[in-house]
Amino acid sequence: MKARTRFAPSPTGYMHIGNLRTALYEYLIARSTGGAFLLRIEDTDQKRYVEGATDIIYSTLKTVGMNWDEGPDIGGAYGPYVQSERKAIYAEYAHKLVELGGAHYCFCAAREENADEEEENAVPSKFQDPCKKLSLEEARARIAAGEPYTVRQTINKQGKSRFHDEVYGDIEIDYDDLDEGVLLKTDGFPTYNFANVVDDHLMAITHVVRGNEYISSTPKYNLIYEAFGWTPPVYVHVPQVMKDAQHKLSKRNGDASFQDLVAKGYLPAAVLNYIALLGWNPGDEREIFSLEELEKAFTIERLNRSPAIFDIVKLTWMNGCYIRALTPEEFHRQALPWYGKCLTRSLNLEMLSKVLQPRVETFADIARETDFLEQMPDYELALYDNKKMKTDASVAVRVLKLAADMLLGIADWDNDSLFASLKELAAANGLKNGQLLYPLRIALSGKETTAGGATEIAAVLGKEETIARVKAALAKLEA
RNA sequence: GACCCCAUCGUCUAGCGGUUAGGACAUCACCCUUUCACGGUGGUAACACGAGUUCGAGUCUCGUUGGGGUCGCCA
C-alpha cells in the first residue's frame, strides 16, 4: 500500500529533535511504501507565529535530505498547504458539521488564561455547555446579530470508543471522558483538533504519525470522521523523546534543537541516524544507517512503545563514526571554517586535518585540540618527567639540544622525514624513541596530551615555529 | 483527581513460554603505540515488585509501585 504521510509542524521556532524524528518516521513510511510525503504548515495560531520559522523547517528537511513531494513551496494537487490559507475551507466544513450534528454553535466566553490556579473542586467535570441546548435557529439568529461564537464539538455518544494504533495496539476510551472542545475559534480559525482532521482527509493522508500525547484525543477525531462519513487514517502514535526519565526534550529547558547540534559540530546525517534509533530498531544489530538505508530497512512494526531518553554521549560517538568515515578531503573542507574560528597562525592545515580526523568526535572539539598551536601555554617543568618514557628535565635539556641541531638541517619538513630523522638521532645517541620524542612534544605543545605526537605537531607548526619553540623550551629549562 | 500509555544493564535496545538474557554507547582492564586518540581483546552491569496461568514466565493475566501523557478559543 502506497502511504501518503504528512509532516505538519507549526512555525513556532526551532526544529525540535522530537519533531524531526516524527518527520523522519513519516518520511520513511512514505518512502518505504513508494508513497508520498507532504509538508503542511499549521499556522492557525497567529499569536504563536514566529518569523522565519518556516524557513528553518524547509532548510532542516533539506539539510537531512528529507525531500517532500507536495508542500507550500512546490505546490501539489491538494493545496494550499498552509492552513492560514485554508480558512474558508474549515469554516465551510465546520458549519456542515453542525448540520450533521457533530458540533454546535457556542457563545460561552473563553476561559480566563490564568483562571484560579488551583481549582478547589479537585474533581474536574466534563465541560457542560449550555449552548448545546440552543436550537439551530436560535443560534443562527445570534450569529446573524453579530454575537461572537465558536463551533464546539458535540459528543452525545455513550459507552466505549475503540480504535487501533499501529504502535500501541487497540485502545479503548470512554466517550464520557472526552471533552467537547472548540473546533472553530472566535477569530474564524480552526483549532488543531479540527484542522488536522479536515486537512488529513482532504489531502488523502493514509497514515497519521504523531506524538503519543494525541492518543487521548484520537477518539474525538474519529467522531468527526464518522460524522462526515469519512474513513479515519491509520494511526501511528510514537513515544516521546525524553531529556531524562521525567522530562520531555524541549527547547524551553534549553535542550538542543537540530540547528543547535549542527552549530556544535554535529553532522546532520549523524543526528538523523541517531534519532532514527530512538524508538525504532532494524531487528538486527546494525546501527549506522544513511537515509537511503533507513528507507530500505524501515517498517512500522519495529517502532517502539516506550519513551526514549536522548543521550548526547551516544550521539557524540556516532558523530565520531561519521567524521572518521568522511574522506580526508571532505573532512578538511568541513574543518576549515572551524580552524578559522580559533587559529590565526600559519600552519600546515592539511597535516592538521590528518591528525585531527581520527581524534575528534565533533567539529567543536577542534578548538580544544588546537589551542596550543595558536599559543604555547604556561607549563610546569615537571611535565618533562615521565617514568615510562624515562625522561625528566635534565634528559630534556640534552635531547632538545640534539634535536635543535638536527632540525635545522632537515629539508623535507613532513612527518615521515621528521620521524625517520629523529629515530635515527635517538639510535645514534643510545636513546629510546620516547626519550627523544616525549620531551620534544612537551617543548612544542606544553601539554600533557595532544592530538598527534611530536613529529606530527612539528609538521603542522612548520620549521621556523618548531625551532623557535625548541629554543624557547631550552631557555625555560636552563633558566 | 479522572482517563490513557509505558516499565530488560547507567543509556538506546534484542527477546514475541524453554536463552549461559544478546548487541551498541558509557565505564574498567589489557594489547597496539612517539603522548592522546583510532583500532583490537576481555570484564563489570538489567528482566521494578507481588500474585496467578503453565511442567516451565523477561515473555501471558491481574494487582501494586514508579514514570509519562491528556483534561486550552496551543499544537
Side-chain angles (χ1 to χ4, degrees), chain A residues 8-10 12 42-45 47-48 106 108-111 113 115 119 121-127 148-152 165 168 171-174 176-179 181-187 189-193 195-196 210-219 237 239-240 242 244-248 274 277-287 302 304-318 320 324 355-361 369 386 388-389 419 422-423 426 432-438 440-442 445 447-457:
Chain A
S10 49
T12 54
E42 307 217 331
D43 60 346
T44 55
D45 186 2
K47 293 187 291 292
R48 296 214 309 161
C106 172
C108 299
R111 270 186 273 184
E113 283 255 339
E119 306 270 306
N121 45 331
V123 187
S125 55
K126 185 177 170 183
F127 184 69
Y149 70 97
T150 62
V151 173
R152 191 180 283 279
D165 180 85
Y168 289 92
I171 292 175
E172 200 175 79
I173 293 173
D174 204 300
D176 284 341
D177 293 323
L178 266 29
D179 287 314
V182 168
L183 266 22
L184 202 67
K185 303 183 251 185
T186 313
D187 62 7
F189 276 98
T191 59
Y192 166 85
N193 299 316
N196 92 88
R210 49 156 80 122
N212 69 7
E213 67 267 29
Y214 290 100
I215 286 182
S216 316
S217 38
T218 297
H237 286 95
Q240 306 274 344
M242 309 289 284
D244 55 46
Q246 279 79 358
H247 308 279
K248 211 175 126 169
Y274 176 70
L277 263 21
L278 236 38
W280 175 86
N281 75 82
D284 54 41
E285 283 167 1
R286 287 176 295 166
E287 285 200 302
R302 298 211 66 92
N304 247 87
R305 285 177 307 280
S306 43
I309 298 174
F310 181 88
D311 182 9
I312 190 79
V313 176
K314 183 152 187 177
L315 167 61
T316 304
W317 163 79
M318 191 171 276
R324 276 173 258 126
V355 170
L356 253 23
Q357 188 173 2
R359 286 167 234 260
V360 297
E361 291 189 299
E369 295 292 345
N386 186 304
K388 197 179 160 205
M389 297 298 144
F419 190 61
L422 284 163
K423 232 174 131 176
K432 293 176 55 168
N433 287 344
Q435 283 178 292
L436 180 57
L437 294 166
Y438 187 86
L440 180 58
R441 193 179 57 78
I442 300 299
S445 68
K447 286 177 81 174
E448 190 170 11
T449 65
T450 54
T455 61
E456 288 164 316
I457 293 169

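Everything quoted here is computed from the prediction, not taken from an experiment. In what follows, every chain begins at residue 1, and chains take the letters A, B, ... in the order their sequences are listed.
For the pair A:H237/A:T218, a side-chain contact is recorded, criterion being any heavy-atom separation below 4.5 Å from C-beta on.
An OP1 or OP2 oxygen of B:rC74 is reached within less than 4.0 angstrom by a side-chain nitrogen or oxygen of A:K47. One finds no side-chain N or O of A:R286 lying less than 4.0 angstrom from the OP1 or OP2 phosphate oxygen of B:rG23. Contact check, A:N281 against B:rA24: no side-chain N or O comes under 4.0 Å of OP1 or OP2. For B:rU33, the OP1/OP2 oxygens have no side-chain nitrogen or oxygen of A:K432 closer than 4.0 Å. Note on A:K388: every side-chain N or O is 4.0 Å or more away from OP1 and OP2 of B:rU33.
Base pairing of B:rU27 is made with B:rG43, judged by Watson-Crick or G-U wobble geometry with both donor-acceptor distances under 3.5 Å. For B:rU53, there is no paired base (Watson-Crick or G-U wobble, both distances below 3.5 Å). When Watson-Crick and G-U wobble pairs are counted only if both distances are under 3.5 Å, B:rA2 pairs with B:rU70. Pairing for B:rA14 is absent, judged as Watson-Crick or G-U wobble with the two contacts each under 3.5 Å. A 3.5 Å limit on both hydrogen-bonding distances identifies B:rU64 as the Watson-Crick or G-U partner of B:rA48. Taking a pair to require two hydrogen-bonding distances under 3.5 Å in either a Watson-Crick or a G-U wobble arrangement, B:rA37 remains unpaired. In a base pair of the Watson-Crick type (N1 to N3 plus N6-O4 or O6-N4) or a G-U wobble (N1-O2 and O6-N3), with each distance short of 3.5 Å, B:rC32 is matched with no nucleotide.
Relative to the side chain of A:A308, the nucleotides B:rC73, B:rU13, B:rA75 differ in distance, and B:rU13 lies closest. Distances from the side chain of A:D45 to the nucleotides B:rA75, B:rA26, B:rG39 place B:rA75 closest. Nearest nucleotide to the side chain of A:T455, out of B:rA26, B:rU34, B:rA75: B:rU34. When distances run from any side-chain atom of A:Q240 to the nucleotides B:rG69, B:rG15, B:rC5, the shortest one goes to B:rG69. With B:rU35, B:rC4, B:rC12 as the candidates, the nucleotide lying closest to the side chain of A:Y438 is B:rU35.
We find that the ring of A:F419 and the base of B:rU34 stack, their centres lying under 5.5 angstrom apart and their planes tilted less than 30°.
Between the OH atom of A:Y192 and the C1' atom of B:rU70 there is a distance of 13 Å, given to the nearest Å. A:L437 places its CG atom 14 Å from the C1' atom of B:rC36, with the value rounded to the nearest Å. Between A:Y168 atom OH and B:rG69 atom P the separation is 12 Å, expressed in whole Å. In this structure, A:L422 places its CG atom 10 Å from C1' of B:rU34, rounding to the nearest Å. Atoms CD (A:E456) and P (B:rA37) sit 14 Å apart, rounded to a whole Å. The interatomic distance linking A:D174 (CG) with B:rG1 (C1') rounds to 17 Å, in whole Å. Per the geometry, CD belonging to A:E213 stands 16 Å off C1' belonging to B:rC3, to the nearest Å. Residue A:L178 contributes atom CG, which lies 10 Å from atom C1' of B:rC3 at whole-angstrom precision.
Taking atom P in both B:rU11 and B:rC47, one finds a spacing of 12 Å when rounded to whole Å. Using C1' as the reference atom, B:rG43 and B:rU20 are 16 Å apart when rounded to the nearest Å. Atom name C1', nucleotides B:rG18 and B:rC9: the rounded distance is 23 Å, in whole Å. B:rG40 and B:rC25: their P atoms are spaced 9 Å apart (whole Å). Look at the C1' atom in both B:rU19 and B:rU8: the space between them is 14 Å, to the nearest Å.
When the shell of 6.0 Å around CD of A:E448 is examined, it contains 12 or fewer heavy atoms from other residues, nucleotides or ligands. More than 12 heavy atoms of other residues, nucleotides or ligands sit less than 6.0 Å from atom CZ of A:R359.
Looking at heavy-atom distances under 4.0 Å, A:A454 makes contact with a base. At the heavy-atom level, A:E172 lies under 4.0 Å from the strands shown only through sugar-phosphate atoms. Note on A:M318: nothing from the nucleic acid sits closer than 4.0 angstrom, heavy atoms only. Across all strands shown, A:S306 has heavy atoms under 4.0 Å from sugar-phosphate atoms exclusively, and none from any base. When heavy atoms are screened at a 4.0 angstrom cut-off, A:T44 is found touching the sugar-phosphate backbone but no base atom. Contact annotation for A:F189: no contact, since no heavy-atom pair falls under 4.0 Å across all strands. Among the protein residues, A:G283 comes within range of no part of the nucleic acid, since none of its heavy atoms lies under 4.0 Å from any strand. Backbone-only contact: A:S10 has heavy atoms under 4.0 Å from sugar-phosphate atoms and none from a base. Residue A:N304 is in sugar-phosphate contact alone, with no base atom involved, counting any heavy-atom pair closer than 4.0 Å across all strands shown.
Nearest-nucleotide positions on RNA chain B for A:T449 and A:E287 put A:E287 closer to the 5' end. Both A:F310 and A:Q246 lie close to RNA chain B; mapped to their nearest nucleotides by heavy-atom distance, the more 5′-ward contact belongs to A:F310.
Residues that satisfy the side-chain contact (heavy atoms from CB on, under 4.5 Å) test with A:D43, not counting sequence neighbours, are A:P11, A:I41, A:Y49, A:V82, A:Q83, A:S84. Under the ring-ring contact (aromatic ring centres under 6.0 Å, His included) criterion, A:F419 pairs with no residue, sequence neighbours left out.
Scanning atom types as modelled, no donor and acceptor separated by under 3.5 angstrom connect the side chain of A:S217 and the base of B:rU70. Judged by atom type and distance alone, A:R441 does not reach the base of B:rU34 through any side-chain donor-acceptor pair under 3.5 Å. With hydrogens and angles left out, the side chain of A:R305 and the base of B:rC6 share no donor-acceptor pair within 3.5 Å. With hydrogens and angles ignored, a donor-acceptor pair closer than 3.5 Å exists between the side chain of A:K314 and the base of B:rA24. Within 3.5 Å, no donor on the side chain of A:T450 pairs with an acceptor on the base of B:rC36, nor the reverse.
Proximity of a side-chain donor or acceptor of A:D179 to a complementary backbone N or O of A:G181 within less than 3.5 Å is not detected.
Between A:L184 atom CG and A:D187 atom CG the span is 8.0 Å, to the nearest 0.5 Å.
A salt bridge links A:E287 with A:K314; the closest basic N to acidic carboxylate O contact falls under 4.0 Å.
Side-chain contact of A:R210 with A:N196: a donor-acceptor pair under 3.5 Å is present, judged by distance alone.
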